[in-house]
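Written out below as structure tokens is the structure these notes cover.
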Amino acid sequence: MIDLTQLRRDPEFVCAALARRGVERATMDVIIELDRRHRALLQEAEGLRAEVKELSRQVGEARKSEQTTLADELQANSRARGERERVAHAEAEAAGQQLRDKLLDLPNIPSPEVPDGLSEADNVELRQWWPGCESGQPFPSFGDHQRVAHWDIGSELGILDLEAGAKLAGSMFPLFRGVGARLLRALSAYALDQHFDAYEEIRPPHFALTETMTSTGHLPKNADDMYAIERDDLWAIPTAEVPLTSMNRGEILDEANLPIRMTALTACFRREAGAAGRDTRGLLRVHEFDKVELFAYCTPEQAPAAQADILARAEAILQALGLPYRVLALCAGDLGTSSAQTFDLEVYTPGVDRWLEVSSVSWFRDYQARRANVRYRPAGGSPTLVHTVNGSALAWARIWAALVETYRQPDGSVVLPAVLAPYLGGRTTISPR
RNA sequence: GGAGAGGUGGGUGAGUUCGGUUUAAACCACAUUCCUGCUAAGAAUGCGACCUCUUUACGGGGGUCCGAGGGUUCGAAUCCCUCCCUCUCCGCCA
């Protein structure tokens, strides 16, 4: 949620900033007017309320000194005001609720350095990496044996069974088997070990309450993209960001403990409504995938470094796996609802010849913290909203695809990076059976 | 799932019997100052959050908040209802 005080103080700035990501001026005018009306009604109700309280106090005194007539008179007076107060209060509440609903729908203000643009076509590529690029080697040229899609490799080696997954849960729910399943486990274990030095490992619930989903900005806007269990008012988490951001909801954190950094491995569930039929083959887009997430609560001053650390760790894993990738700065129009600034990492997959998003590293400023009410107390100051940053390191389904395509050998086997050997029982070759 | 006990500020914890100077005590922690004087101890004062009005500013006024939401009342931490969570015991269970 954006800062209402900032909107009052500098409406032109806020409207202009939000216009960069497609919010219309008329929408903002409605909000500004609702806020004005809400406050006027609030004043009226509170004034009446103060009178009721004062009269009630006098009733108490009169009763004590047994001035019955006076007490009855004051009581009648108070009751009349109380009735008027009830009406004004209800109207103020209604206006306040409308205001909150509108504000919840409003996306975050993009950072000034975020590039202009309204669609992903306007995202800016910052850099590319591939093995040997530091010593001047060209982007790798991939052989014909690497130009095979991962779904073909997967069924050939018996490590990916999309038919079985579809039979159990419908399409886009992949089923991994044998070394393929173990590879996922290895990736998660390897990544969690890499982050253990600075990030507390969390294993959160995979379901969250509506209230929790609202804190991160996933509700009410993105309800159609998530799985709901209506009977219990639960939603399947689309990312570990959801539980991690809400872990300290409503709390005032000790400044000395910041930044608080956490990492979590979870399954992530996405309905991908509206994406049917588009880029959905194999593991390109799935309803359930594992992901290791990095997250931090921090002060505004710490946030840029915290975001840079997450980006660096995600890149370090891609480099350790030897997978070519590129870094994109998302343009204003392509940012997620809650984000003020986002960098995407896309891995190159030679078999399907595509760049696939495997990480999204975002700085939310205080947008999520305001919704979740997470604050810290600066030395000598009053409670201040924390900043939240997070990013994937990494989303494994697409990494899995990139690995088997990139490391496919002419004989059809796949030779995996050596860093994973300890997690694969020392073996890194997957051979046809 | 059943029975019982509980949920109060950053923390501990009174107040709930019997609604009305509770404007939420006290202690701890914290901050400032003083005294002492040196890896300490003591004293004084201050110290909640949120909303809103007002002020150039310092500040001041009003309102809300005692797990959440309703209700009764002139007036609710206190009485009533619903729900959530924690603890203890029982049942069930990987």
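Just so it is clear: chains get the letters A, B, ... in the order the sequence lines come, proteins before strands, and each one is counted from 1.
Remark: R79(A) is not in phosphate contact with U73(B), judged by side-chain N or O atoms under 4.0 Å from OP1 or OP2. Between R49(A) and the phosphate of U64(B), there is a side-chain N or O to OP1/OP2 separation shorter than 4.0 Å. OP1 or OP2 of U23(B) has not a single side-chain nitrogen or oxygen of K53(A) nearer than 4.0 Å.
Pairing of G46(B), defined by two Watson-Crick or G-U wobble distances under 3.5 Å, is identified with C30(B).
Separating the C1' atom of G37(B) from that of U21(B) is a span of 45 Å, rounded to the nearest Å. Atom P of G6(B) sits at a distance of 12 Å from the matching atom of C79(B), rounded to the whole Å.
The CD-C1' distance, from Q58(A) to U21(B), rounds to 14 Å in whole Å. Computed from coordinates, the E61(A) CD to G20(B) P distance equals 14 Å when rounded to whole Å. Between the CD atom of E251(A) and the P atom of G9(B) there is a distance of 13 Å, rounded to whole Å.
Relative orientation of the H387(A) and W363(A) rings is tilted, given thresholds of 30° and 60° on the angle between their planes.
Candidate nucleotides U52(B), G75(B), G62(B) were compared by shortest atom distance to the side chain of E46(A), and G62(B) ranks first.
Between the side chains of Y376(A) and N248(A), no donor N or O sits under 3.5 Å from an acceptor N or O.
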